[in-house]
There are 2 protein chains.
Amino acid sequence: MKTNQEILVQNGVSPSIQRLKIFSYLKATKSHPTAYTIFNDLKDEIPSLSKTTVYNVLKLLIAKRLVQEVRIEGNELRYDAEVREHGHFKCDVCGEVSDVFLNQPLNLLLNHSYEVKEIQFNITGVCKSCLTKK
Amino acid sequence: MKTNQEILVQNGVSPSIQRLKIFSYLKATKSHPTAYTIFNDLKDEIPSLSKTTVYNVLKLLIAKRLVQEVRIEGNELRYDAEVREHGHFKCDVCGEVSDVFLNQPLNLLLNHSYEVKEIQFNITGVCKSCLTKK
DNA sequence: TACAAATTTAGAATAATTCTAAATAATTTC
DNA sequence: GAAATTATTTAGAATTATTCTAAATTTGTA
Ligand SMILES: [Mn+2]
Ligand SMILES: [Mn+2]
Ligand SMILES: [Zn+2]
Ligand SMILES: [Zn+2]
């Protein structure tokens, strides 16, 4: 299995400490954090870290298709290092954002009169755990 | 066919001039405008209109499920009075956002371990017209 | 008309992101 | 390996979208 450092290098990204830590952080989590959360969680490990760097690195990783933006509610932007085609579910009660994989790619349901670059789908509602608590 | 005024009243929204014009504007367009575009396009017709009112009315119409937010790129929020389940395609070249309807509801493809409130799907790429121009 | 409730308004406050220019770090050239 | 060049990070200012706030206006009711 490739290391995160190798993935960066193979995609033409020189693996600075900041880039590697941000990418590894995203690879290790399924929580779909916001830029602010990423910054906040990493600033102890990299005391010099600046918010601008977080935004710069995210933009770079997105351009390289190693990370995707998740837009599921309001104008809150979240980030995800899982870039295989999948969707998201956000629970209105507990706020958690989880992955949703379909049996067949959404792609196949579309009339292809355009060139597709990115597909996302997002669902909101109430999650199982919050449903049973009620 | 119901008038927009009737739709508002039936959903418990008193039809002020501002509410009616904003709702009618959205009903009449397929362009998925932003709050700023709505404000800008209506301020000649309603010279007193304030941006706050646009935001207030949009929030109210969303709560009543008469309008939905479309989040297709970055943190740009667009609004849509088409509330039947459908998705969106945004062309990276010309920037246009158009509707995408599926043959079968996305709903059916999901394992229902949660209570679904809203489903959205968004596609980016290059539209037919921009493809042929190249 | 007079009072109360609902709605709109302008502008201030907030929050997320981008911009800018300087500082630091890494790489290349001599 | 010092000096020059290039890449990356940084702090803080600027910008932008949205929300908040409190006053003004409009609408409905007694
Ligand atoms: Mn995901
Ligand atoms: Mn639409
Ligand atoms: Zn939940
Ligand atoms: Zn196009």
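Order of the sequence lines sets the chain letters (A, B, ...), proteins ahead of strands, with each chain counted from 1. Remember, it's a predicted structure, so these values are computed and weren't measured experimentally.
- Of the candidates C/dT17, D/dA17, D/dC20, the closest approach to any side-chain atom of B/Y55 belongs to D/dA17.
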List, with names and distances, any nitrogen or oxygen atoms from the protein found under 3.5 Å away from nitrogen or oxygen atoms belonging to nucleotides 4-8 of chain C.
| unit_1 | atom_1 | unit_2 | atom_2 | d |
| --- | --- | --- | --- | --- |
| C/dT7 | OP1 | B/S14 | OG | 2.4 |
| C/dT7 | OP1 | B/R19 | NH1 | 2.9 |
| C/dT8 | OP1 | B/S16 | OG | 2.4 |
| C/dT8 | OP1 | B/Q18 | OE1 | 3.2 |
| C/dT8 | O3' | B/Q18 | NE2 | 3.0 |

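- When the P atom of D/dT19 is taken as reference, atom CG of B/N75 falls 13 Å away, rounded to whole Å.
- Relative ring orientation between A/H32 and A/H88 is described as perpendicular, the plane-to-plane angle rising above 60° on a 0-90° scale split at 30° and 60°.
- Looking at B/E115 and B/K117, no side-chain N of the basic residue comes within less than 4.0 Å of a carboxylate O on the acidic one, giving no salt bridge.
- The side chain of A/K59 contributes an N or O atom lying less than 4.0 Å from OP1 or OP2 of C/dT18.
- To the nearest angstrom, C1' of D/dA13 lies 13 Å from NZ of A/K51.
- For B/E76 and D/dT15, the CD to P distance is 21 Å, given to the nearest whole Å.
- Applying the 6.0 Å contact sphere to CZ of B/F101 captures more than 12 heavy atoms from other residues, nucleotides or ligands.
- Atom CD1 in A/I46 sits roughly 16 Å away from atom P in D/dT8 (whole-Å rounding).
- Residue-environment remark: CD1 (B/I17) stays at or below the threshold of 12 foreign heavy atoms within 6.0 Å.
- No continuous path of ILVMFWY side-chain contacts below 4.5 Å connects A/V9 to A/L26, so the two sit in separate hydrophobic clusters.
- Separating the CG atom of A/L42 from the P atom of D/dT9 is a distance of 13 Å, rounded to the nearest angstrom.
- The side chain of A/T52 lies closest to C/dT20 when the candidates are C/dT20, D/dT18, C/dA16.
- Within a 6.0 Å radius of CD in A/E96, no more than 12 heavy atoms belonging to other residues, nucleotides or ligands are found.
- In this structure, the CZ atom of B/F39 is 14 Å from the C1' atom of D/dT18, given to the nearest Å.
- To the nearest angstrom, C1' of C/dT18 lies 13 Å from CG of A/L58.
- In this structure, B/Y36 atom OH and D/dT15 atom P are separated by 16 Å, rounded to whole Å.
- Checking A/R19 against A/S14 by side-chain atom types alone, a donor-acceptor pair falls below 3.5 Å.
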